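Keep in mind the model is a prediction, meaning the values are calculated, not measured. Values reported hereafter were calculated over all heavy atoms of this structure, with side chains retained and with hydrogens, waters and symmetry mates removed.
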Amino acid sequence: MKAKKAFKKIVRVFLIILAILLLLWLLVFINSKIRFKRDKAFLEEKGYCNLVTAGEYSVNVLSFGNENGKHRIIAMAGYGIPDSCITMGKMTAALETDNQVIFIDRAGYGVSDDTTQNMTVENIVEGYRTALKNAGIKAPYVLMPHSIGGVYATYWESKYPDEIEAVAIIDGTELEAIPPDEQDNDNDEAALYYRLVKCGIGGTGDMLLKHFLPPKEWLNDDEQKAEYAMALMTYDSRAVLSESEQESRNINTAWEAIVTNDIPKIYISTAYFTAEDIEADGILTDEMIDELMSDRKKLKAELPKTEEERRQMALEDYLEIGRDYKERVLLPYLEKLGNCELVSLSGDHLIYEQKPDECGQIIRDFIDSLEQ
């Protein structure tokens, strides 16, 4: 009898705890939805929202610079980057005096609608083209993709070359043939965050958000608030998760679709190809040296005895990695594109944030050369 009473008491306590947890989750979920609504109103107020239909969904299309300028530059974000219209601003300032710069989001990014469509390269490019047409922005375009945006730009300029005046790829994802059995992608981190946001945790989880997007010191308060609002909306998107899952398939599809042509192109690579660049940016840290020496040890290669010899050998190994990447992956891709100049601007993948003036000047000089 005592055991039966004890069991009922345990069950009662468990149910009470469960009810409290469900109530807390409900409060968090409601607060999340309220925050999303408030954030969207803030973005609309600050001019960060201009939805244009792309077919079955609408995407954000923001225009800056000179609407009557010489060229229409289409900025295409990297994967999961919802804030290019803010964080690219320091770089695009060099372009906006004489040109119109258009930031066009993909489905699921920022205030853009989510979609149940698979985010294949074909669907993404058609979404871009439809939205620009409906926004009244006429071709030809200068495509300015970053990272995975380079995959979509490559497909676009190969399938519809008459629409493209030039392409400036900023540290784009390199294309290559990928076997069918290697075309499945699982992004566990993106999937986890997507599920957390769907449960309402993301809307109140600023600490979790800052793990993905640390605050940027050069942004003012409104810009930082807008960036976080865009990020929360983006990570709430099925489309962004689908884009991650389609990555290898999209790379292979775009590679196979390449039609070598004479459209002017530049590829800005952030890889380190010279010792001078490595030394200038101070990237050869003690940690990196230890890692490179560890790789040598695994290969049972002879290790240097002095610190200076260790450093010199690590430098040579790092340069060899850069040369191998350049010869084996990058140059074959650029050669297949045709009429593509390789420009080195070593640094971080988000080079437009790290070296905005240098990056902007490279693109400006390239665009100015189109008129010669």
Side-chain angles (χ1 to χ4, degrees), residues 21 24-52 54 57-62 75-89 103-117 119 124 127 131 146-149 187-247 349-350 352-353:
L21 290 175
L24 288 173
W25 170 79
L26 182 61
L27 292 173
V28 168
F29 183 81
I30 293 172
N31 181 70
S32 174
K33 295 305 177 184
I34 292 173
R35 174 170 180 169
F36 283 174
K37 186 175 181 179
R38 185 175 65 242
D39 283 349
K40 185 173 182 180
F42 170 79
L43 292 172
E44 291 174 345
E45 176 191 349
K46 297 301 178 180
Y48 290 116
C49 183
N50 179 43
L51 290 174
V52 178
Y57 53 86
S58 294
V59 297
N60 205 21
V61 181
L62 298 176
M76 304 162 66
Y79 173 73
I81 299 179
D83 56 0
S84 295
C85 61
I86 297 173
T87 56
M88 273 192 177
F103 290 86
I104 180 168
D105 282 339
R106 298 187 283 279
Y109 280 63
V111 296
S112 297
D113 293 342
D114 202 355
T115 178
T116 57
Q117 285 186 356
M119 293 296 281
I124 288 170
H146 169 249
S147 193
I148 197 69
N187 190 328
D188 294 336
E189 190 174 38
L192 173 61
Y193 197 85
Y194 169 73
R195 292 185 179 94
L196 289 174
V197 176
K198 280 299 183 187
C199 289
I201 294 175
T204 56
D206 283 340
M207 290 184 64
L208 187 61
L209 176 61
K210 289 174 183 178
H211 168 72
F212 291 85
L213 269 175
K216 297 177 174 63
E217 296 178 357
W218 70 88
L219 299 182
N220 62 40
D221 290 344
D222 278 352
E223 290 170 336
Q224 187 66 79
K225 183 177 178 180
E227 180 190 35
Y228 279 176
M230 292 174 182
L232 284 172
M233 293 175 180
T234 300
Y235 299 140
D236 185 40
S237 158
R238 178 198 172 277
V240 175
L241 181 59
S242 173
E243 185 183 5
S244 173
E245 294 169 345
Q246 294 287 329
E247 180 180 354
H349 184 47
L350 298 179
Y352 57 81
E353 292 184 6

Of all heavy-atom pairs between Gly110 and Pro82, which one has the smallest distance, and what is that distance? N-CB, 4.3 Å
Least distance between heavy atoms, Tyr109 atom then Gly80 atom: OH-N, 2.8 Å
Restricting to non-hydrogen atoms, name the atom on Leu43 and the atom on Ala229 that form the minimum distance, rounded to 0.1 Å. CD1-CB, 4.1 Å
Distance, nearest 0.5 Å, that separates SG of Cys49 from CG of Asp105: 10.0 Å
Which value, rounded to the nearest 0.5 Å, describes the distance between Leu51 atom CG and Glu44 atom CD? 7.5 Å
Between the main-chain N or O of Glu243 and the side-chain N or O of Arg106, is there a donor-acceptor pair closer than 3.5 Å? no
Closer than 3.5 angstrom, by distance alone: can the side chain of Thr234 be matched with the main-chain N or O of Met230 as a donor-acceptor pair? yes
Tell me whether Asn60 contacts the main-chain N or O of Val111 through its side chain, where contact means a donor paired with an acceptor under 3.5 Å. no
With Lys216 as reference, evaluate Gln224, Glu227, Glu223 under the side-chain hydrogen bond (donor to acceptor under 3.5 Å, both in side chains) test and give the passing residue. Glu227
Please report the shortest heavy-atom distance between Cys85 and Tyr48, naming the atom on each side. SG-CD2, 4.1 Å
Okay, side chain of Asp113, backbone of Ser58: is any donor-acceptor separation there less than 3.5 Å? yes
How many angstroms lie between CZ in Phe103 and CD1 in Ile86, if you round to the nearest 0.5 Å? 10.0 Å
Where the side chain of Tyr79 meets the backbone of Ser147, is there a donor-acceptor pair that is under 3.5 Å apart? no
For the residue pair His146 and His349, does the interplanar ring angle fall in the parallel (under 30°), tilted (30 to 60°) or perpendicular (over 60°) class? tilted
Can you measure from CD (Glu247) to CE (Met119) and round to the nearest 0.5 angstrom? 13.0 Å
More than 12 heavy atoms of other residues, nucleotides or ligands under 6.0 Å from CG of Asp221: is that the case? no
Is the backbone of Ala239 close enough, under 3.5 Å, to the side chain of Asp114 for a donor and an acceptor to pair up by distance? yes
Any Asp222 side-chain heavy atom under 4.5 Å of Phe42 side chain: yes
Is there a donor-acceptor contact under 3.5 Å from the side chain of Thr87 to the main chain of Asp83? yes
Might you point out which heavy atoms bring Ala107 and Ser237 nearest each other, and give the distance in Å? O-OG, 4.4 Å
Scanning both residues in full, the closest heavy-atom pair of Ala75 with Met88 reads CB-SD, 4.4 Å
